[in-house]
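Reviewing the structure listed below.
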Protein chains: 2
Amino acid sequence: MVAGHRRQHWVDSGAVTAPDITAAPGARERQRRETRNGILNAALAVFAERGFDGARVRDIAAQAGVNHGLIKYYFQNKEQLWKAAVDFLFERLHQQMTEPEEDRCKPRAERVRLWIKRYVRYCAQHPEHARIMVQESIRDSQRLQWAADKHIRGSHQRLLESLPVTLDLRRFPAIDTTTLIYMMNAATQAPFTLAAEIRHLYGRDVNAAQFVDNYADGIFDLFIRPYLAQAREAED
Amino acid sequence: MVAGHRRQHWVDSGAVTAPDITAAPGARERQRRETRNGILNAALAVFAERGFDGARVRDIAAQAGVNHGLIKYYFQNKEQLWKAAVDFLFERLHQQMTEPEEDRCKPRAERVRLWIKRYVRYCAQHPEHARIMVQESIRDSQRLQWAADKHIRGSHQRLLESLPVTLDLRRFPAIDTTTLIYMMNAATQAPFTLAAEIRHLYGRDVNAAQFVDNYADGIFDLFIRPYLAQAREAED
DNA sequence: CAATAAATTATCCATATGGTTAATCAAAAC
DNA sequence: GTTTTGATTAACCATATGGATAATTTATTG
């Protein structure tokens, strides 16, 4: 991505300054942000693919097209890089999940449908998210605790608030709300996390727009529709 | 586990043979099997915790209480060890999931309930399974292809045959059977895969017998009950 | 332009890693 | 008992790894 941005300046010594195209004011900060984000994206990909211990700092740098020394320069070390990448991850999730203004006034069932659709799309676009979280969650590691405290707790709360339906669960007496969140989360992420397996075994592309939207409907039917029906009954 | 099995023979040179306790006929083969299984169990734990690349052969050996050279002796290399471990994993799954003779004559709904319960228990006892599969499934690696062809395909088929109910899915028109398997699988494994996170955030022990059995009921309510109801209607 | 500060690279280092080998030790065969 | 075969260990090796440092290049400022 940043590769190839190294050009010659003042090629001809006789010419005047002849500034680089990138030398526009603020070029530096822009470049800096680009490099940093490039590293973060590469980090997410490699951490998701190999796990924290398996991920090689050199691979992350290579995938970002920069020298691996830069990672120390920007993030001190591998651990800090991981944390920065996870911050980046949840920031993006939060952005993509906030309900657009124009949806607020729609009927409730429709709002829930759209909410689910947004989340399914996020899962399809960013399977690294689920993968990184699963990888850390095997043992109560420092990293897991950090992520749970800084991001997951709040994320769950926000979910319960932003999901425009109350899950009071009379229909599924065996399951409490917390557990249901984990079920729904896992079910939603499943085909995208296992995309390679599904492609290999069944020849299907779960990232096709048709599958994604269809799947959102499936999640809605399975997890939400019963509650809406129940809520309607309660109103009678 | 195998540690400390090194004892002195012929302690007193004057005494007769004085054979080791373990020197019963077949002691060798038994020991061999024990060592091999010890390594496999350790391998599953470490591969699940760190992923293939992050797992250290030395750690696996240490956790099994043997010298790391033994891993070459038994399994040639890390890759072969991984495959042997996955064979071991699916063998165990298959054993634990076969329906006991005495269940065959029970009413269908009850058979399904028991089937689910067995699977939920398996997931609770062996969270490594889901974890190892998720870790491999990010890219269409050699290992994933191998596991998919050798184990997963058959496992899915067996599931569809052994699950004593036909999922013809009129109730969830958006989801096909294949996708439903992935949803159900993921939902079933979810709390046990994320056990550490749940313990940290909500202070709950998902391995408590009560939670496990309760969760099985939840899965049944969510995924199966609708189909049974529908099947009953169809019979009318 | 020159001086300065920031970004980036090339290189180095201690350590850890997967894998290999030659010994050592215990069980089985004689 | 002694020999032979198999199981186990200790020591070794080439390489890769995370991290650190010094040099180099690029942008900004005056």
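Sequence lines set the chain letters: A, B, ... in the order given, protein chains first and strands last, and positions in each chain run from 1.
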Expressed in angstrom and rounded to an integer, what is the separation of [X] atom [atom1] from [N] atom [atom2]?
{"X": "A/Ile60", "N": "D/dT17", "atom1": "CD1", "atom2": "P", "result": "12 Å"}
{"X": "A/Asn77", "N": "D/dG19", "atom1": "CG", "atom2": "C1'", "result": "9 Å"}
{"X": "A/Arg33", "N": "C/dA6", "atom1": "CZ", "atom2": "C1'", "result": "16 Å"}
{"X": "B/Lys78", "N": "C/dG18", "atom1": "NZ", "atom2": "P", "result": "5 Å"}
{"X": "B/Glu29", "N": "D/dT5", "atom1": "CD", "atom2": "P", "result": "19 Å"}
{"X": "B/Asn67", "N": "C/dC25", "atom1": "CG", "atom2": "C1'", "result": "13 Å"}
{"X": "B/Phe75", "N": "C/dT20", "atom1": "CZ", "atom2": "C1'", "result": "18 Å"}
{"X": "B/Asp53", "N": "C/dG18", "atom1": "CG", "atom2": "C1'", "result": "12 Å"}

Any donor-acceptor N/O pair under 3.5 Å between D/dG18 base and A/His68 side chain:
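No, no donor-acceptor pair under 3.5 Å.
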
Is there a donor and acceptor pair closer than 3.5 Å between the side chain of A/Arg58 and the base of D/dG18?
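Result: at least one qualifying N/O pair found.
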
Thinking salt bridges, do A/Asp149 and A/Arg153 make one under a 4.0 Å N-O criterion?
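A salt bridge is present here (some side-chain N lies under 4.0 Å from a carboxylate O).
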
Hey, are A/Asp87 and A/Lys150 close enough for a salt bridge, meaning a charged N less than 4.0 Å from a carboxylate O?
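Result for this pair is yes, salt bridge flagged.
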
Report yes or no: is the cationic atom of A/Arg143 (NZ for Lys, CZ for Arg) closer than 6.0 Å to the six-membered ring centre of A/Phe52, at no more than 45° off its axis?
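Output yes; distance and angle both within limits.
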
Which residue lies more 5' along DNA chain C, comparing B/Phe52 with A/Arg32 via nearest heavy atoms:
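Its nearest nucleotide being more 5', the pick is A/Arg32.
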
Select base, sugar-phosphate, or nothing to describe what B/Ala55 touches, counting heavy atoms under 4.0 Å on all strands.
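Since only primed, P, OP1 and OP2 atoms lie under 4.0 Å of B/Ala55, the category is sugar-phosphate.
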
